[in-house]
Structure formats: structure tokens, C-alpha cells
Amino acid sequence: MKPRDRLRIAMQKSGRLTEPALDLLNRCGLTFRQSRDKLFCFGEGEPVDLLLVRDDDIPGLIAQGVCDLGIVGRNVLNEFRGVNGDADAALTEWRPLGFGRCRLSIAVPQEMDYSKPGDLNGLRIATSYPGLVNDWLRAEGVNAAVITLAGSVEIAPKLGTADAICDLVQSGGTLVANQLRETDVLLQSEAVLAGPTALPTDERGDMIELLLKRLDGVIQVRESRLLLLQTSRTSLDAVTRLLPGGPQPTLLPVAGQPDQLMLQALCAGEVSWRQLEEIKKAGAREMFVLPVEKMLA
Ligand code: PRT
Ligand code: ZN
């Protein structure tokens, strides 16, 4: 294949991952011209183009070298890696992206007696992830038949074509609506940036490194919160000990109140109401949690 001088990223054409993936790339400074066939989008600023495809095709396109990177669910990536064995194990997860979160779980009819994986012995499990389910069954030492279905897995037990299922679960609403009960989680999934383990050695490799750096910045900002609060000097230690992870807080004097300090801390992740209440109990007041828009260290 002729070497390309532009980077090509595969992402889902239309589905759950489309909008957040495009939003993430935009935040990394990548914008694309809409093409008429909507399969290929030419990158406007940077030499990075998009290929819009079905999510299931993404790992294969990277493995074949048609694309350099892909944004795809870990569930799809791992199923591909499992089924395609060593040759394609050269695909890796470059970054978890924090959206499209779900889990791949076993679920059984609500009335079924189930307490451990061994209870699936001799039963039929319907799934769209035969590779991952077979791996799990093997690891658990369970002998069950795996029935591969492309979709509507959740109705298989009611139709009598399977005894249990293994499918993606997010809210759990689909399982409840089908009188199923989640029993075992095989995989915690989210969208990931997938690519070959060995990066190209030409300009595309440099471009990937640049993109990874931008991604790290974007992800860090997205997950960062700025916590502002006031505390007395005597409570400072107790308050500081409760601060969610992140760099050292900055302390500022409060005009006219020598005993008081203003504290500013960058937190890596959400700050929950419960954490705020605990910090308050330790002596803090006037607390604010602010989102961070941009960050340049
Ligand atoms: O056309 P194409 O093949 O590209 O799309 P698709 O229909 O295969 O994919 P799509 O858009 O449904 O999902 C794309 C990716 O989103 C998946 O591979 C997962 O990584 C991720 N994702 C996150 C989910 C869900 N959450 C999810 N809830 N994918 C599917 N579901 C389905 C699940 O299969 C079940 O039917 O939603 C139902 C369960 O949802 P709850 O909320 O009722 O539990
Ligand atoms: Zn799909």
C-alpha cells in the first residue's frame, strides 16, 4: 500500500459515539469539511482526515492499515482482538476517552435460580460478543453453548432461543423491560482511541504524538474542577487532608481577617456533595466548585 502523508482516523458514522467523538476531535483543534457521501471527511487545518464507518469495522480498518487510529468502544476492540488472535493483538488502546460508558454483562431471566457462573453449565447464552463470552466461560470453567446474534439479544430468552444473554448494559432499563437480571460483569467499557501498538515511523507518527498530547490536555481539563473555599488557619490541616487528589492547593490571605485563608485547589475529577459536606465539617466555608475551561501549565 502506498504510504500516506495524512493521518486517517476512523469513527462511527452514526450512533452513540458519533457526536462525542467529533466533539472531542474538535476540542483537539481538528475540524473537517463535510463531504457529500459523508464517508470521508477532509481535515481542514491539520493533515488529519476522518473515515465514517460502522463501529464494528473500525478495528479491522486499523489492523489493515486503512486507518491509523480509531475511536471505538472497548467492547468492540477487545472482541476483535480476541477473535483475531495474535496477529491483531498488535492493536492497542492508546487512551480511554471517558464517554460511551457501559458494561458487558451476563443476564438471566428474573425467575431463574442463579448464584454463580457454574449455574450456566449446559445452558445457551445469546450474545453479539462470542469471543469475549467464550473467554469468560473458559476462565470460569463453565461449559455453555454460545449463540451469536447480531442484535435484539435481550429477547432471546423470551423467544426460547437461549437461556441467558450477554449484552451491553448502561442504565439497566432494557434488562428490566425484558424481565432479565444482571448477574456478572465481563467488561467495563467506554470509547477508546485505538491504534497499532507500533506507531508509524513517518510524519504520521509525529502527528499521532501531537494528537495524544492535545487529547491529554482536553481530557484533563474536562475532568478538572477548581475548588475555592475559605478556612481558618487552625482548620487548614484538617481541610487539606480531605481535598480530592490534585496538585498542592494555593493559599491566599483574606483582607482584614488574619486568621482566615482562601484556598484554591485543582481537583482531578468531580467533587461530590458528600465530599463538600465533609470538608465543611472540617472547618471550611464559602465553598465553590468551578469547571475549568482551558489549562496551560
Ligand atoms: O451502526 P453501528 O454498527 O455503527 O452501530 P451500533 O448499533 O453497533 O452501535 P451503537 O451506536 O448502539 O453503540 C456504539 C457503542 O456505544 C457500543 O459499542 C458501546 O461501546 C457504546 N455503548 C454505550 C452502548 C451502550 N452504551 C448501550 N446501552 N452500546 C449499546 N447499548 C445498548 C445495549 O446493546 C442494549 O441494547 O443499549 C441497550 C442497553 O441500554 P440500557 O441503558 O437500557 O441498559
Ligand atoms: Zn455496530
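Counting starts at 1 for both ligands and their atoms, in listed order. We use all heavy atoms of the structure for the numbers below, so side chains are in, but hydrogens, waters and symmetry mates are not.
For the residue pair S105 / E182, a side-chain donor-acceptor distance below 3.5 Å is found, with atom types taken as modelled.
Scanning the protein heavy atoms around atom 30 (C) of ligand 1, the nearest turns out to be R16 NE, 3.4 Å. Annotation: atom 35 (C) of ligand 1 to nearest protein heavy atom, L168 O, 3.6 Å. The protein heavy-atom contact nearest to atom 18 (O) of ligand 1 is N75 ND2, 3.0 Å.
Under the 4.5 Å side-chain heavy-atom criterion for grouping Ile, Leu, Val, Met, Phe, Trp and Tyr, L61 is not connected to L22 through any hydrophobic cluster.
Of the charged side-chain nitrogens involved, at least one lies within less than 4.0 Å of a carboxylate oxygen, so that K116 and D119 count as a salt-bridged pair. A salt bridge does not link E277 with R274: none of the charged nitrogens is closer than 4.0 Å to a carboxylate oxygen.
In terms of polar-atom proximity, G172 is counted as a contact of ligand 1, with an N or O under 3.5 Å from an N or O of the ligand. For ligand 1, the polar-atom distance check against Q170 finds a nitrogen or oxygen pair separated by under 3.5 Å. For ligand 1, the polar-atom distance check against S189 finds no nitrogen or oxygen pair separated by under 3.5 Å. An N or O contact shorter than 3.5 Å is missing between R74 and ligand 1 by distance. Residue contacts with ligand 1: S14 is placed with no nitrogen or oxygen under 3.5 Å of a nitrogen or oxygen of the ligand (distance criterion only).
Looking at S171 against ligand 1, both its backbone and its side chain come within 4.0 Å, counting heavy atoms.
Shown here, atom 3 (O) of ligand 1 is in close reach of the protein: a heavy atom of it lies under 4.0 Å off.
Under a cutoff of 6.0 Å and an axis angle of 45°, R8 and F40 do not form a cation-pi pair.
For the Zn ion (ligand 2), the nearest N, O or S atom contributed by D56 is named OD1. Within D55, OD1 is the N, O or S atom that lies nearest to the Zn ion (ligand 2).
The local environment of CG in N121 is crowded, with over 12 non-hydrogen atoms from other residues, nucleotides or ligands closer than 6.0 Å.
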